[in-house]
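Shown next, in structure tokens, is the structure this report addresses.
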Amino acid sequence: MSSLFRHIPSVDRFLQDMEQDQSLKSLPRPLLKDLVGEFLDLCREEIRSGAINDEAALALTALSARAAAYVRFKARPHFKRVINATGVVIHTNLGRSILAGEAVEAVVQGCRHYSNLELALETGQRGSRYSHVEKLLCRLTGAEAGLVVNNNAAAVLLVLDTLAKGREVVVSRGQLVEIGGSFRIPEVMKKSGAVLHEVGATNRTHLRDYEEAIGEGTAMLMKVHTSNYRIIGFHKEVDIADLVTLGRERNLPVFEDLGSGNLFDFSPYGFMPEPTVQQVLKSGVDVVSFSGDKLLGGPQAGVIVGRKEYIDRIKKNQLNRALRIDKMTLAALEATLRLYLDPELARRKVPTLAMITAGRDELSARARRLKRRLARDLTGLAEVSVRPGFSRVGGGSFPEQDLPTALVAVSPAAMDVESLRQGLLATDIPVIGRVEDGRFCLDPRTLLDEEFALVAGAVRTVLQDGMN
Ligand SMILES: *Cc1c(COP(=O)(O)O)cnc(C)c1O
């Protein structure tokens, strides 16, 4: 065995060999060298285990294809495209919203070239980065002023820190939500230095609960949109109009964390009524915050809109500098918001809106097309059928709403469904689907048309590899 070790080709010989391969040659040489070293460690391991037991298997020609595959696999970027066939439109694990073409183009232009990010072209003087979206936000929402930060969590933190630091914020117990991961209202409150004053019970809060809570130390009344769950049954929240009236009487600002915050009215599409940002501001709420990449369908961002006197104070907060939005986000956000100037244009062009409002006939037709493609490419490897199912909006939005869809179901002939699901995670462009009733299901709602061929190719590769 020990004599076999001497027959392992040197790292340099592999490197020379890889010089011939364009895709490997372009990799950084130090990385290439390290990865070949790792590959040779693997070979030594195989000699020790007996998996390699003759000289011929150690010839450069015998190992080079495997070495190249190993290096190519290990050197690929970690952050990559995947195909979302889950039917969950705002899928947090998959990057929430994908952007409209206009937004992508704006990002590319804004990054490839210098920009007027903080330059007022009218005067040649220093400008504000918020100027690019503030007017648009005001026009779309009816607000007096607005600004944008890194995400909605940052927006909530900033509002609390500016308007309520060291003082009390009154919130209903029914609204002390946790939003996936680590965003919880009581914790964010603590970080901001504001003091949470909870009122009411988990299921019921009355106006008198707020009235009784207001005292010397009260800075603000806050409402949190309970976007990711619903309390049903014996339940009462105070009407926002009543909260606004109370705020006016006591001279206290009313802040609503809207979470998803949609500018688009989904109710004509059969959704249960959710207030738009415009409606919330119209009801008299002083400051509203919401996410850029949930129902809005833009980049990760936090939008704060409302009365000028409060927004001006928020803009001046030093914390803002740490939470500020970058130019790529700003470019994508402006382009996305511009589409909303015509709601029907936004519905067609903002992928999140187009996917959510896709009609049953359209989805059925697309499912049949995907099925034909798969059936053709998977002959003998799997049964493919179309069956009814449900998609979801995701991102904590419309939690109760099942969106009827047509699923394309794949039943492998000679592989278990779980292995297919896992195999698809390891393909060049991973395909994420879901398993339902023992079938691997693909939902056309979240698939782009140009992805059908990629999906078919990936499923075929995994099923064929499984046969070998
Ligand atoms: C999603 C959400 C947040 C956090 O927004 P991010 O943009 O993810 O930071 C805060 N509050 C509510 C009610 C939410 O739904």
Side-chain angles (χ1 to χ4, degrees), residues 88-99 133 137 146-161 163-164 169 171-192 194 196 198 220-231 237 240 243 254-263 266 271-272 274-277 279-280 285 287-306 314 319-320 322-326 328-330 332-333 336-337 352 356 392-401:
V88 181
V89 178
I90 307 170
H91 198 308
T92 297
N93 297 357
L94 308 185
R96 285 198 184 157
S97 288
I98 57 172
L99 297 177
V133 290
L137 283 170
L147 76 156
V148 279
V149 290
N150 180 60
N151 58 9
N152 188 33
V156 174
L157 179 69
L158 188 61
V159 171
L160 292 171
D161 184 90
L163 302 178
V169 178
V171 190
S172 160
R173 283 207 169 82
Q175 298 170 2
L176 298 177
V177 298
E178 172 177 313
I179 319 292
S182 50
F183 183 91
R184 286 171 154 188
I185 293 295
E187 271 84 349
V188 175
M189 198 77 80
K190 217 171 274 165
K191 283 274 183 240
S192 75
L196 172 65
E198 321 171 19
M220 188 160 78
L221 306 179
M222 178 179 181
K223 177 175 179 185
V224 183
H225 190 62
T226 51
S227 42
N228 58 359
Y229 76 107
R230 287 248 184 309
I231 300 177
E237 285 292 348
I240 192 70
L243 209 57
V254 176
F255 165 44
E256 178 159 0
D257 169 11
L258 253 184
S260 250
N262 44 314
L263 298 180
F266 290 94
F271 285 75
M272 43 189 106
E274 280 273 347
T276 59
V277 178
Q279 286 163 351
V280 172
V285 173
V287 179
V288 170
S289 78
F290 57 96
S291 286
D293 55 354
K294 291 185 180 170
L295 285 174
L296 190 73
Q300 179 193 305
V303 180
I304 309 172
V305 286
I314 295 168
L319 190 55
N320 211 342
L323 306 176
R324 85 176 179 188
I325 190 167
D326 81 301
M328 291 188 267
T329 311
L330 208 44
L333 187 63
T336 305
L337 290 172
T352 299
I356 292 173
R392 290 219 160 246
V393 175
S397 317
F398 294 109
E400 296 282 283
Q401 194 99 35

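Atoms within a ligand are numbered from 1 in the order they appear, just like the ligands themselves.
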Has [X] got any heavy atom lying under 4.0 angstrom from an atom of ligand 1?
X: Val156; answer: no
X: Lys223; answer: no
X: Gln300; answer: no

Requested in this report: Would you mind finding which of Asn152, Val149, Leu296 brings a heavy atom closest to atom 5 (O) of ligand 1?
Outcome: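 Nearest heavy atom to atom 5 (O) of ligand 1 lies in Asn152.
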Counting only N and O atoms by type, is there a donor-acceptor contact under 3.5 Å from the side chain of [X] to the main-chain atoms of [Y]?
X: Gln279; Y: Thr276; answer: yes
X: Asn151; Y: Ala154; answer: yes
X: Ser291; Y: Lys294; answer: no
X: Thr352; Y: Gly297; answer: no

Requested in this report: Under 4.0 Å, heavy atoms only, figure out whether ligand 1 is touched by the backbone of Arg184, its side chain, both or neither.
Outcome: neither
Polar-atom distance check: [X] versus ligand 1, any N or O pair below 3.5 Å?
X: Ser260; result: no
X: Asp293; result: no
X: His225; result: no

Suppose I only count heavy atoms of [X] and a 4.0 Å limit; which atoms of ligand 1 are within that range?
X: Ala153; result: 4 (C), 5 (O), 6 (P), 9 (O)
X: Arg96; result: 6 (P), 7 (O), 8 (O)
X: Ser291; result: 5 (O), 6 (P), 7 (O)
X: Asp257; result: 10 (C), 11 (N), 12 (C), 13 (C)
X: Phe183; result: 10 (C), 11 (N)

Query raised in the report: If every non-hydrogen atom of Gly395 is compared with every non-hydrogen atom of Thr92, which pair is closest and at what distance?
Result: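 In this case the closest contact between Gly395 and Thr92 is CA-OG1, 4.3 Å.
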Query raised in the report: Taking only residues two or more places apart in sequence or in another chain, which ones pass salt bridge (Lys or Arg N to Asp or Glu O under 4.0 Å) with Glu198?
Result: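 In terms of salt bridge (Lys or Arg N to Asp or Glu O under 4.0 Å), with neighbours along the sequence ignored, Glu198 is linked to Arg173.
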Query - Nearest-0.5 Å distance that lies between atom OG in Ser289 and atom NE2 in His225 - result: 12.0 Å
**Report entry** Identified side-chain contact (heavy atoms from CB on, under 4.5 Å) counterpart of Val285 within the set Ile240, Val305, Leu243, Leu221
**Finding:** Ile240
Report task. Output all residues satisfying side-chain contact (heavy atoms from CB on, under 4.5 Å) with Asp326, sequence neighbours left out; order by chain, then residue number. Result ->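 Partners of Asp326 by the side-chain contact (heavy atoms from CB on, under 4.5 Å) criterion, ordered by chain and then number, come out as Met328, Thr329.
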